[in-house]
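It should be emphasised that the depicted structure is a prediction, and the values quoted were computed from it without experimental measurement. All values below were derived from every heavy atom in this structure, side-chain atoms included, with hydrogens, water molecules and symmetry-related copies excluded.
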Amino acid sequence: MNPQKKKIFTRFVVVIVLMLIYIWAFAGLPTIEVKETSGQIVRAIFNGLFSPDWDYVYDPAGEDLIRKLIETLAIAILGTFIAAIFCIPLAFLAARNIVKSRVISQFGKFILSFIRVFPDIIFALLFIKAVGPGSFSGVLALGIGSIGMLGKLFSDDVESVNLSTTEALIATGANPIKTLWFAVVPQILPSYLNFVMYRFEVNIRAASILGIIGAGGIGTPLIFALQVRDWERVGIILLGIIVMITLVDFVSGKIRAKLV
């Protein structure tokens, strides 16, 4: 068999195997049963989404949409700030060109990988048990959970730094701190700020979800509204989340464009 026919035969076998896997997977799905009230529930959901509860936007006497959106934004900001600070030493620890010891560098990479294993919602559940439900547990969950990914991105950027300038400063007698500050930091600062802004965008979405399990933010009233099937309240909350995330993405994109 010539190489061309062998290549075609291999692709044919792969396609057949994938088709069999999909058939086997879908064959195990339970039978979908449509209830008589399904149509009414679907119509009620869409009616609520397209006729939101505008009275919930602002209520001077109690909880409202604006307060919860501000709380969600604050959780994301504080969580990102914590991660942005604590990822720096771990990122330098994991960078092979900064830390000469391979063992120490691998240890730093292991810590960052270990943190990335756990989703934010797992950290939120752990901190809810530790400090109780509320915004504080959400801040801690996002702060600790973001260190892994932010540190990984920052570490990879540090490893790509051109160290020729550091050699010149060392030759003039500069100490390690000055060498790091004047030779390395100017090269990595724009990328670092770009990574932080990107992570902030991710944390905004995560903070909106963590409230569903009691970690504060807009997710808490959302899950309550879903439980009692208050679709008008669900509609205005989803609309508020869309507006907030859109504005954050727009502003963050403008800032990141200036940094790059």
Side-chain angles (χ1 to χ4, degrees), residues 38-84 119-125 127-128 133-143 145-146 149-150 153 193-260:
S38 298
Q40 298 177 359
I41 294 175
V42 172
R43 284 194 296 270
I45 293 173
F46 278 97
N47 289 335
L49 295 178
F50 290 102
S51 57
D53 181 12
W54 295 106
D55 294 334
Y56 183 67
V57 174
Y58 179 69
D59 183 8
E63 179 185 286
D64 55 38
L65 179 66
I66 294 178
R67 286 187 177 91
K68 283 299 179 181
L69 290 178
I70 294 175
E71 181 182 339
T72 303
L73 189 64
I75 291 173
I77 291 174
L78 290 175
T80 306
F81 178 78
I82 291 173
D120 293 335
I121 195 169
I122 300 299
F123 281 116
L125 290 171
F127 284 117
I128 286 173
S135 303
F136 186 49
S137 59
V139 170
L140 292 177
L142 290 181
S146 300
M149 182 55 67
L150 200 55
L153 294 173
L193 296 176
N194 190 27
F195 295 148
V196 171
M197 293 302 300
Y198 172 74
R199 190 63 202 185
F200 173 64
E201 296 177 13
V202 175
N203 284 344
I204 281 286
R205 295 164 173 81
S208 302
I209 297 173
L210 293 182
I212 295 178
I213 60 173
I218 194 63
T220 303
L222 176 60
I223 191 62
F224 289 156
L226 288 170
Q227 289 175 346
V228 299
R229 298 185 178 183
D230 188 353
W231 304 119
E232 289 79 9
R233 179 67 57 85
V234 172
I236 191 62
I237 292 175
L238 292 179
L239 182 61
I241 293 174
I242 292 171
V243 172
M244 177 184 65
I245 291 178
T246 302
L247 290 176
V248 168
D249 285 350
F250 176 77
V251 175
S252 177
K254 292 293 184 181
I255 295 175
R256 285 190 286 112
K258 297 290 185 180
L259 295 175
V260 177

Determine whether more than 12 heavy atoms belonging to other residues, nucleotides or ligands lie under 6.0 Å from atom CZ of Arg229.
no
Do the side chains of Leu226 and Leu222 get nearer than 4.5 Å, heavy atoms only?
yes
So how far is it from Ile209 CD1 to Asp120 CG, rounded to the nearest 0.5 Å?
9.0 Å
Which residues pass the ring-ring contact (aromatic ring centres under 6.0 Å, His included) test with Phe123, not counting sequence neighbours?
Phe118
Any side-chain heavy-atom pair of Phe200 and Leu73 under 4.5 Å
yes
Can you name the nearest heavy-atom pair linking Ile82 to Val139, along with the distance?
CD1-CG1, 3.7 Å
Partners meeting salt bridge (Lys or Arg N to Asp or Glu O under 4.0 Å) with Glu201 (sequence neighbours left out):
Arg256
Between Ile218 and Glu71, is the side-chain contact (heavy atoms from CB on, under 4.5 Å) condition met? List the steps.
CA-CA 7 Å; Ile218 194 63; Glu71 181 182 339; over 6 Å; no
Closest non-hydrogen atom pair between Ile241 and Ser208, with its separation
CG2-OG, 4.2 Å
Would you name the heavy atoms of Ala215 and Ile75 that are closest together and state the gap between them?
O-CD1, 3.9 Å
Backbone N/O of Gly143 and side chain of Ser146: donor-acceptor pair under 3.5 Å:
no
Which heavy atom of Ile121 sits nearest to which heavy atom of Ile213, and what is that distance?
CG1-CD1, 3.4 Å
Polar side chain donor-acceptor pair, Thr80 to Arg199, under 3.5 angstrom:
no
Let's go through Glu63 and Tyr56 carefully: what are the C-alpha distance in whole Å and the side-chain angles of both, what is the deciding distance for side-chain contact (heavy atoms from CB on, under 4.5 Å) to 0.1 Å, and is it a yes or a no?
CA-CA 8 Å; Glu63 179 185 286; Tyr56 183 67; 3.3 Å; yes
I want to check something: taking the side chain as every heavy atom from C-beta on, are Ser252 and Asp249 in contact at a cut-off of under 4.5 Å?
no
Has the side chain of Thr220 got a donor or acceptor atom that lies under 3.5 Å from a matching backbone atom of Ile212?
no
Donor-acceptor pair, distance only, cut-off 3.5 Å: does the side chain of Ser137 make one with the backbone of Ala124?
no
Under the criterion side chain to side chain contact (heavy atoms under 4.5 Å, CB included), which of Ile70, Asp64, Leu65 is the partner of Arg67?
Asp64
Roughly how far apart are Tyr198 OH and Leu153 CG, rounded to 0.5 Å?
8.0 Å
Is the shortest heavy-atom distance from the side chain of Val234 to the side chain of Ile237 under 4.5 Å?
no
Closest heavy-atom contact between Gly217 and Lys68?
O-CD, 3.7 Å
Taking all atoms of both residues into account, what is the closest heavy-atom pair of Ala76 and Ile204, and its distance?
CB-CD1, 3.6 Å
Tell me whether Glu232 contacts the main-chain N or O of Pro52 through its side chain, where contact means a donor paired with an acceptor under 3.5 Å.
no
